[in-house]
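To start, the structure under review is shown below, and the notes come after it.
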Amino acid sequence: MELDLMEKQLKAVADANRLRILACLKKGEVCVCDFTDVLNISQPAVSQHLRKLKEAGIITERKVGTWKHYRIQENQTSLMRNILASINEDSTCRCKINSECVEG
């Protein structure tokens with residue numbers, strides 16, 4: 001594994017809020033709107049955490065209307081597979097299918 005990628009991924013997971021995001025995403029895809037309630041931080045702060053995880057290749061996003069939904073990237077480095085395996089799934093985190101986060 002490239003040392004630069006390893007450094008980026010380790011920095012990305014070296015934060016309690018980002019680890020909580022990953023614990024939520026182990027259950028499946030989550031809308032950005034749900035993370036503000038789970039983490040009890042502002043939406044811009046949530047977006048910054050998600051950006052760092054995305055830039056490290058750990059998560060991916062898809063746009064649904066004006067909202068973005070996030071999930072763990074399928075292809076992970078062995079380092080990230082081991083880290084993700086050690087994180088307990090947070091079953092309280094799940095995307096609410098309602099008019100606030102899903103347009104349609």
Side-chain angles (χ1 to χ4, degrees):
M1 174 192 297
E2 288 183 34
L3 291 178
D4 290 340
L5 178 58
M6 184 183 289
E7 177 186 23
K8 187 177 263 191
Q9 290 182 333
L10 287 171
K11 283 182 179 181
V13 297
D15 180 271
N17 282 322
R18 290 193 285 272
L19 288 172
R20 289 200 63 210
I21 288 170
L22 292 174
C24 289
L25 293 175
K26 285 190 79 168
K27 183 76 173 171
E29 190 173 81
V30 178
C31 178
V32 67
C33 64
D34 293 320
F35 286 121
T36 56
D37 293 335
V38 171
L39 300 175
N40 200 28
I41 60 176
S42 69
Q43 194 276 325
V46 169
S47 293
Q48 289 300 313
H49 287 300
L50 291 167
R51 181 184 56 79
K52 288 184 187 258
L53 291 168
K54 186 178 172 198
E55 287 175 352
I58 300 168
I59 65 171
T60 187
E61 68 183 24
R62 73 179 177 94
K63 193 165 174 126
V64 179
T66 58
W67 296 99
K68 290 184 180 177
H69 291 244
Y70 292 86
R71 63 183 163 81
I72 295 175
Q73 185 82 281
E74 289 181 24
N75 297 322
Q76 294 291 337
T77 62
S78 59
L79 171 68
M80 282 312 304
R81 282 193 303 272
N82 289 330
I83 291 171
L84 290 167
S86 68
I87 298 172
N88 292 327
E89 180 181 294
D90 187 340
S91 61
T92 63
C93 306
R94 60 187 168 277
C95 188
K96 299 175 220 132
I97 305 300
N98 61 37
S99 60
E100 291 179 27
C101 73
V102 177
E103 296 178 355

Suppose we screen for salt bridge (charged side-chain N to carboxylate O under 4.0 Å, His left out). Which residues come up paired with Lys68, at least two apart in sequence or across chains?
Glu61

Atom pair OG1 (Thr77) and CG (Asn82), whose distance is rounded to the nearest 0.5 Å:
8.5 Å

Distance col, row Asn17:CG vs Leu50:CG, nearest 0.5 angstrom, shows 10.5 Å

Interatomic spacing from CD1 in Ile58 to CG in Leu22 - rounded to 0.5 Å
6.0 Å

Taking side chain to side chain donor-acceptor pair (under 3.5 Å) as the test, write out the residues that go with Gln76, two or more places apart.
none

Output the distance between atom CD (Gln9) and atom CG (Leu79), rounded to the nearest 0.5 Å.
6.0 Å

Nearest heavy atoms of Cys24 and Val38, plus distance in Å:
SG-CG1, 3.7 Å

Closest heavy-atom pair, Leu25 versus Tyr70, reported as atoms and distance to 0.1 Å, is CD2-O, 3.2 Å

Going by the rule side chain to side chain donor-acceptor pair (under 3.5 Å), which residues pair with Lys8 if we only count those two or more places apart in sequence or in a different chain?
none

Does the side chain of His69 come under 3.5 Å of the side chain of Arg62 through a donor N or O and an acceptor N or O?
no

Take a 6.0 Å sphere around CG of Asn75 and say whether it holds more than 12 heavy atoms from other residues, nucleotides or ligands.
no

For residues 39-48, which side-chain donor-acceptor pairs fall under 3.5 Å, sequence neighbours excluded?
residue	atom	partner	partner atom	Å
Ser42	OG	Ala45	N	3.3
Gln43	NE2	Ser47	OG	2.7
Ser47	OG	Gln43	O	3.2
Gln48	OE1	Arg51	NE	3.2
Gln48	OE1	Arg51	NH2	2.7

Decide yes or no on side chain to side chain contact (heavy atoms under 4.5 Å, CB included) for Gln73 and Met80, but give the supporting numbers first.
CA-CA 10 Å; Gln73 185 82 281; Met80 282 312 304; over 6 Å; no

Distance from Ile59 atom CD1 to Arg18 atom CZ, nearest 0.5 Å?
10.5 Å

For Arg20, side chain to side chain donor-acceptor pair (under 3.5 Å) partners two or more places apart
none

CD1 of Ile83 to CG of Leu10, rounded to nearest 0.5 Å, is 5.5 Å

Residue Lys26 excluded, over 12 heavy atoms near NZ under 6.0 Å
yes

Between Ala12 and Leu53 the two heavy atoms that sit nearest each other are O-CD2, 3.8 Å

Taking only residues two or more places apart in sequence, or in another chain, which ones meet Lys11 in a salt bridge (charged side-chain N to carboxylate O under 4.0 Å, His left out)?
Glu7

